[in-house]
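A quick write-up on the structure given underneath.
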There are 2 protein chains.
Amino acid sequence: MDEYINKQLTTTLKAISDPTRRSLLTKLVQQGPMRVTQLATYYEMSLNSISKHIKVLESADLISRKTLGRVHIIEATPNSMQCIENWLHSLRSIWEIRLDTLAEIMEYEKENNNESGK
Amino acid sequence: MDEYINKQLTTTLKAISDPTRRSLLTKLVQQGPMRVTQLATYYEMSLNSISKHIKVLESADLISRKTLGRVHIIEATPNSMQCIENWLHSLRSIWEIRLDTLAEIMEYEKENNNESGK
DNA sequence: TATATATTCAACCATATGGATGAATATATT
DNA sequence: AATATATTCATCCATATGGTTGAATATATA
């Protein structure tokens with residue numbers, strides 16, 4: 001696989017493998033753009049930790065940030081998760097191709113056995 | 001979200017967020033069931049590390065193991081990744097619903113402005 | 001200008017992770 | 001019975017991660 005895509009995949013998967021970050025993302029997708037303090041109110045965690053999580057999501061391109069004065073508006077950019085779906089689908093298609101091939105082989109074997117069994 | 005599913009999601013995502021483990025999984029999906037030493041030959045890493053990675057994949061239910069004497073046959077079980085697709089799709093549908101609602105609101109605002117502009 | 005607010009940065013800590021190596025276990029083979 | 005093979009377990013190490021707190025920065029408000 002393309003090494004660039006592979007790294008992007010790693011970054012994206014690591015980012016969403018944390019439950020707090022998944023929750024942040026979901027919140028942003030549900031409620032729309034929001035500022036950091038606003039987001040943080042939903043969690044027991046310190047604001048600083050939330051800010052750190054946002055940074056991780058940002059470097060995975062899962063969110064974008066618009067700075068208005070001292071306020072940062074955070075918006076989900078869920079398109080960046082496409083790479084995950086792509087990987088899942090490619091894996092699934094490889095899987096199905098192999099199962100099909102296997103089925104064909106078994107069919108062939110069966111016929112062969114029938115021949116020799118005549 | 002259901003806490004059980006959420007934990008499963010975390011385990012699964014953490015498992016596939018490592019490039020070596022994704023590669024192992026892909027190899028198994030492509031080539032079919034294989035034993036540990038066989039798998040390890042494809043990598044520069046020590047056999048022990050591969051064995052450890054396999055254990056991680058196993059506890060995420062991404063592979064299954066059949067023990068035949070001293071040999072362990074490892075097989076990919078990619079269905080367990082369904083939880084990821086489910087999550088991605090649910091997120092996407094929330095996203096689309098919000099965008100639709102937003103579009104309706106904007107449409108309403110537009111009409112409203114037209115009215116007041118008469 | 002002084003103060004309050006929004007946010008990040010820096011340092012610290014405990015625990016997790018990914019790798020290595022060497023020993024242990026279980027099973028085959030001679 | 002002795003040896004070889006397949007695999008995991010235990011330990012160790014360096015680095016990453018997720019959290020905390022306190023300081024710094026930037027902007028708004030009184």
Side-chain angles (χ1 to χ4, degrees), chain A residues 3 6-28 31-76, chain B residues 3 6-28 31-76:
Chain A
E3 201 46 41
N6 203 26
K7 277 192 178 157
Q8 194 202 350
L9 204 41
T10 301
T11 313
T12 312
L13 287 169
K14 278 203 190 304
I16 64 167
S17 74
D18 180 86
T20 305
R21 284 193 293 264
R22 277 202 305 281
S23 167
L24 283 165
L25 210 51
T26 306
K27 194 67 83 180
L28 285 165
Q31 322 259 83
M34 214 181 296
R35 40 203 185 98
V36 180
T37 16
Q38 175 65 22
L39 258 173
T41 58
Y42 296 107
Y43 301 85
E44 314 231 308
M45 208 174 297
S46 76
L47 168 67
N48 298 32
S49 298
I50 297 294
S51 164
K52 235 168 138 184
H53 278 304
I54 290 176
K55 211 171 115 188
V56 174
L57 289 170
E58 191 179 17
S59 48
D61 260 325
L62 287 161
I63 60 145
S64 74
R65 181 192 304 258
K66 202 178 289 174
T67 306
L68 298 175
R70 64 184 165 179
V71 164
H72 297 207
I73 302 291
I74 310 298
E75 176 169 23
Chain B
E3 202 45 43
N6 203 25
K7 278 194 177 154
Q8 195 201 350
L9 204 43
T10 300
T11 314
T12 312
L13 287 169
K14 278 201 189 306
I16 65 168
S17 75
D18 179 86
T20 305
R21 285 195 290 266
R22 279 202 306 281
S23 167
L24 283 165
L25 210 52
T26 307
K27 195 66 85 181
L28 285 165
Q31 322 258 83
M34 214 182 297
R35 40 202 185 96
V36 180
T37 15
Q38 175 65 21
L39 258 173
T41 59
Y42 296 107
Y43 302 85
E44 314 231 308
M45 208 174 296
S46 77
L47 168 67
N48 299 34
S49 297
I50 296 295
S51 164
K52 231 168 142 184
H53 279 304
I54 290 175
K55 210 170 113 188
V56 175
L57 290 169
E58 192 179 16
S59 48
D61 261 326
L62 287 161
I63 60 144
S64 73
R65 182 192 304 259
K66 202 178 287 174
T67 307
L68 299 173
R70 64 182 164 180
V71 165
H72 297 207
I73 302 290
I74 310 299
E75 177 170 21

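First the proteins, then the strands, lettered A, B, ... as listed; each starts at 1.
When distances are taken from the side chain of A:D18 to each of D:dT7, D:dG18, C:dG18, the shortest belongs to D:dG18. In the set D:dT20, D:dT7, C:dT7, the nucleotide with an atom closest to the side chain of A:T37 is C:dT7. Here the side chain of B:N48 is nearest to one of C:dT7, D:dA6, C:dG22, namely C:dG22. The nucleotide whose nearest atom lies closest to any side-chain atom of A:H72 is, among C:dT7, C:dG18, D:dT7, C:dT7. The nucleotide whose nearest atom lies closest to any side-chain atom of A:S49 is, among C:dT21, D:dT20, C:dA20, D:dT20.
The phosphate of D:dA16 (OP1 or OP2) has no side-chain N or O of A:K14 nearer than 4.0 angstrom. For D:dT25, the OP1/OP2 oxygens have no side-chain nitrogen or oxygen of A:R70 closer than 4.0 Å. For A:R21, a side-chain nitrogen or oxygen approaches OP1 or OP2 of D:dG18 to under 4.0 Å. In this model, the phosphate group of D:dT7 is not approached by any side-chain N or O of B:K55 to a distance below 4.0 Å at OP1 or OP2. Contact check, B:S46 against C:dG19: no side-chain N or O comes under 4.0 Å of OP1 or OP2.
Map A:M45 and B:L47 each onto its nearest nucleotide of DNA chain D; the residue landing nearer the 5' end is B:L47. Ranked by how close their nearest DNA chain C nucleotide is to the 5' end, B:V71 and B:E44 are led by B:E44.
The nearest whole Å value for the distance from the CD1 atom in A:I54 to the P atom in D:dG19 is 13 Å. The CE-C1' distance, from B:M34 to D:dT7, rounds to 17 Å in whole Å.
The heavy-atom pair separating A:R21 from A:A15 by the smallest distance is NE-O, 2.7 Å. Among all heavy-atom pairs drawn from A:L13 and B:I16, the shortest one is CD1-O, 3.4 Å.
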Check against side chain to side chain contact (heavy atoms under 4.5 Å, CB included), B:Q38 and B:Q31:
CA-CA 11 Å; B:Q38 175 65 21; B:Q31 322 258 83; 5.9 Å; no
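Counting only N and O atoms by type, the side chains of B:Y43 and B:S49 include no donor and acceptor under 3.5 Å apart.
The backbone N or O of A:L9 lies less than 3.5 Å from no partner atom in the side chain of B:R22, so there is not a single donor-acceptor pair.
Taking CD1 of A:I63 as the start and CD of A:E58 as the end, the distance is 5.0 Å to the nearest 0.5 Å. Note that OG1 of A:T37 is 6.5 Å distant from CG of A:L47, once rounded to the nearest 0.5 Å.
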Sub-3.5 Å pairs of nitrogen or oxygen atoms, protein against nucleotides 11-14 of chain C:
none

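Across all strands shown, C:dT25 forms a Watson-Crick or G-U wobble pair, both distances under 3.5 Å, with D:dA6.
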